[in-house]
S.K.: 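Below you will find the structure I want to go over with you.
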Amino acid sequence: MDALLRTRLDMLKEAGLHRRLTACGEADEARDEGSSPLMLASNDYLGLTRHPAVRRAAADAAMRLGGGAGGSRLTTGNHALYAALEEELAAFKGTEAALVFGSGYMANIGTLGALAGGDDVIFSDELNHASIVDGCRLAKARTVVYRHCDPADLAAKLAATPCRGQRFIVTDGVFSMDGDVAPVDEIVAVAGCYGAAVMVDDAHGTGVVGPGGRGTAALFGVGGRVAVQMGTLSKALASEGGYIAGSAVLIEYLVNRARSFIFTTALAPATVAAARAALALLVGEPELTARLRDNAVFLRRALTAAGLAVGTGETPIIPVTVGEAAVAVALAADLRRAGIVVSAIRPPTVPDGSSRLRVTVSAAHTRGELARAAAEVAAAAGRLGLRKEGR
Ligand code: PMP
């Protein structure tokens, strides 16, 4: 078998799509000491993973309750920190209840797999995250893919698709690789015409968009019309794990039916405690989200002024699209040498021909750091001939 796998890996290499694991923690450690390299590739949007309160909460929980949960939630792993976090998440999202999963990925696959049965149809945005795609594959329902952020195409597909059971519409709230925001207000309006249930993945929306970082549904003022609000604890909430917020009956159903919830070990106490501490900071300091937005707008403007096509928007995910995978990799490597850490994103994460740098902003970045990052990205892009003429 190894020979077969070597051949397949060689094909990936030839296509410029081979990946290697590299340690990136040093960038953060260096940042602590106030020196370069500068991290612009993390999803730690509020800069809370290293906040003293988050570290202390994790350390205290580990000291009090141990390293691991030792069992699944439905057996022996359901330590008391869970109920507290779930109540706090539900209060934050304005829902009746919430349920924490081992990761955002697990929340998506388990929820879609549990909710959408054989008679049902899932309508899914073409650029939804891989965990949604995999959730659709696991669900027994048929999946119909609609054009990216296109409520008219969604409506046409709803009209054209017979369904004996329940219709579901699922979308990222903030798209992970483009940083654009789904028109959730229009989506819920279309959904209303067909009795469809809407699910929004706010992995990149939680702590980032909406009042106080309450997410995409809150941004559009339609929280009550989004039946399933998914999010993750692994990005702005500075820890790991995923969650679903919704009605009490939805949560009770998922406890009984979501396989990625039932058949896995509960998160470690330190992990849950860290997420609680980060959520408390977010609730107590809504200006964190405002600072993040200001930083995102600042860097987008600086990159645009330097002749790079990064589009508009206020989210902290800024794509610098370059096309070929090899070019994206070369650009990221060049920037790494200049002390800037950004991710090169290639297929299958993004469609063919749309490889890019994914530059992400944090509330903890200073204006000086962002100005330096923009200058370095522009210089590296210039060296590869990627900037618009005349800049
Ligand atoms: N949904 C989206 C849109 C994501 O970007 C991600 C992670 N990149 C996930 C779900 C999965 O979340 P987690 O990393 O917590 O598994």
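Nothing here was measured: the structure is a model prediction, and the numbers come from that model. Position 1 is the first residue of the sequence; numbering continues from there.
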S.K.: Is it true that Tyr253 and Met199 fall in one hydrophobic cluster, defined by side-chain heavy atoms closer than 4.5 Å?
M.R.: yes
S.K.: Do any N or O atoms from the side chain of Thr304 and from the backbone of Arg300 form a donor-acceptor pair under 3.5 angstrom?
M.R.: yes
S.K.: Working to the nearest 0.5 angstrom, can you tell me the gap between Met63 CE and Asp60 CG?
M.R.: 9.0 Å
S.K.: I'd like to know if the side chain of Arg301 and the backbone of Leu299 have a donor-acceptor N/O pair within less than 3.5 Å.
M.R.: no
S.K.: Kindly say whether Ala107 contributes a backbone atom to a donor-acceptor pair with the side chain of Thr111 at under 3.5 angstrom?
M.R.: yes
S.K.: Verify, without hydrogens or angle tests, whether Ser72 (side chain) and Ala266 (backbone) share a donor-acceptor contact under 3.5 angstrom.
M.R.: no
S.K.: Is a side-chain N or O of Tyr82 found less than 3.5 angstrom from the main chain of Leu99, in a donor-acceptor match?
M.R.: no
S.K.: Main chain of Gln166, side chain of Asp120: is a donor-acceptor contact present, judged purely on distance under 3.5 Å?
M.R.: yes
S.K.: Is there a donor-acceptor pair under 3.5 Å between the side chain of Ser260 and the backbone N or O of Ile109?
M.R.: no
S.K.: Do you reckon Leu89 sits in the same ILVMFWY cluster as Val174, going by side-chain contacts under 4.5 Å, direct or chained?
M.R.: yes
S.K.: When you look at Arg20 and His18, which way does the side-chain contact (heavy atoms from CB on, under 4.5 Å) test go after all the steps?
M.R.: CA-CA 7 Å; Arg20 261 180 218 292; His18 185 260; 4.1 Å; yes
S.K.: Could you check if a side-chain atom of Ile262 sits within less than 4.5 angstrom of a side-chain atom of Leu74, using non-hydrogen atoms only?
M.R.: yes
S.K.: Work out which heavy atom in Cys136 is nearest to a heavy atom in Thr143; give both atom names and the distance.
M.R.: CB-OG1, 3.3 Å
S.K.: Rounded to the nearest 0.5 Å, what separation is found between the CG atom of Leu48 and the CG atom of Leu288?
M.R.: 5.5 Å
S.K.: Side chains of Val184 and Leu219, heavy atoms from C-beta outward: is any pair under 4.5 Å?
M.R.: no
S.K.: Mind checking whether Leu303 and Val297 sit in one hydrophobic cluster, side chains of I, L, V, M, F, W, Y counted as touching below 4.5 Å?
M.R.: no
S.K.: Heavy atoms, side chains only, cut-off 4.5 Å: are Pro316 and Tyr45 in contact?
M.R.: yes
S.K.: Any cation-pi pair here, Arg73 with Phe261, using under 6.0 Å and within 45°?
M.R.: no
S.K.: With the 4.5 Å side-chain cut-off for hydrophobic clustering, are Val320 and Val342 part of the same group?
M.R.: yes
S.K.: Measuring only between side-chain heavy atoms, which start at C-beta, is Arg346 closer than 4.5 Å to Val350?
M.R.: no
S.K.: Which heavy atom of Ile169 sits nearest a heavy atom of Ala196, and at what distance?
M.R.: CD1-CB, 3.8 Å
S.K.: Report yes or no: does Glu86 contribute a side-chain atom to a donor-acceptor pair with the main-chain N or O of Val100 at less than 3.5 Å?
M.R.: yes
S.K.: Yes or no on salt bridge (Lys or Arg N to Asp or Glu O under 4.0 Å) for Asp153 and Lys157, after CA distance, side-chain angles and deciding distance?
M.R.: CA-CA 6 Å; Asp153 188 53; Lys157 294 210 156 109; 3.0 Å; yes
S.K.: Between the side chain of Arg358 and the main-chain N/O of Ile317, is any donor-acceptor distance below 3.5 Å?
M.R.: no
S.K.: Any heavy-atom pair between the side chains of Leu81 and Arg276 that's under 4.5 Å?
M.R.: yes
S.K.: Mind listing the closest non-hydrogen atom pair of Ala114 and Arg257 along with its distance?
M.R.: CB-O, 3.7 Å
S.K.: Are Phe175 and His148 an aromatic pair, judged by ring center distance below 6.0 Å?
M.R.: yes
S.K.: If we only count heavy atoms from C-beta on, is the Val145 to Asp125 side-chain gap below 4.5 Å?
M.R.: no
S.K.: Hey, what do you get for CG (Asp178) to CD1 (Ile318), rounding to the nearest 0.5 Å?
M.R.: 12.5 Å
S.K.: Determine the minimum heavy-atom distance between Leu85 and Ala275, stating which atoms define it.
M.R.: CD2-CB, 4.2 Å
S.K.: How close do Leu292 and Val361 get, heavy atom to heavy atom, and via which atoms?
M.R.: CD1-O, 3.5 Å
S.K.: Under the side-chain hydrogen bond (donor to acceptor under 3.5 Å, both in side chains) criterion, do Asp201 and Asn128 qualify, and how do the steps go?
M.R.: CA-CA 9 Å; Asp201 172 338; Asn128 274 342; over 6 Å; no
S.K.: Between atom CD1 of Ile132 and atom CG of Leu112, what is the distance when rounded to the nearest 0.5 Å?
M.R.: 7.0 Å
S.K.: Checking Arg291 against Ser362: is there a side-chain donor and acceptor pair closer than 3.5 Å?
M.R.: no
S.K.: Kindly determine whether Leu250 and Leu115 satisfy side-chain contact (heavy atoms from CB on, under 4.5 Å), including the steps that lead there.
M.R.: CA-CA 9 Å; Leu250 168 71; Leu115 291 180; 3.9 Å; yes
S.K.: Nearest 0.5 angstrom please: Thr49 OG1 to Leu237 CG, how far?
M.R.: 12.0 Å
S.K.: When you compare the side chain of Ser239 with that of Ser234, does any pair of heavy atoms fall below 4.5 Å?
M.R.: no
S.K.: Is any side-chain heavy atom of Arg50 closer than 4.5 Å to one of Asp44?
M.R.: no
S.K.: Which is it for His129 and Tyr105 under the side-chain hydrogen bond (donor to acceptor under 3.5 Å, both in side chains) test, yes or no, and what are the steps along the way?
M.R.: CA-CA 9 Å; His129 187 256; Tyr105 183 92; over 6 Å; no
S.K.: With a 3.5 Å cut-off and no angle check, do the side chains of Thr206 and Asp202 form a donor-acceptor pair?
M.R.: no
S.K.: Under the criterion side-chain contact (heavy atoms from CB on, under 4.5 Å), which of Val327, Leu384, Leu308 is the partner of Val322?
M.R.: Val327
S.K.: Rounded to the nearest 0.5 Å, how far does OG1 of Thr232 lie from NE2 of His204?
M.R.: 8.5 Å
S.K.: If we ignore hydrogens and angles and just use 3.5 Å, is the side chain of Thr271 paired with the main-chain N or O of Leu267 as donor and acceptor?
M.R.: no
S.K.: Of all heavy-atom pairs between Leu282 and Gly212, which one has the smallest distance, and what is that distance?
M.R.: CD1-O, 3.6 Å
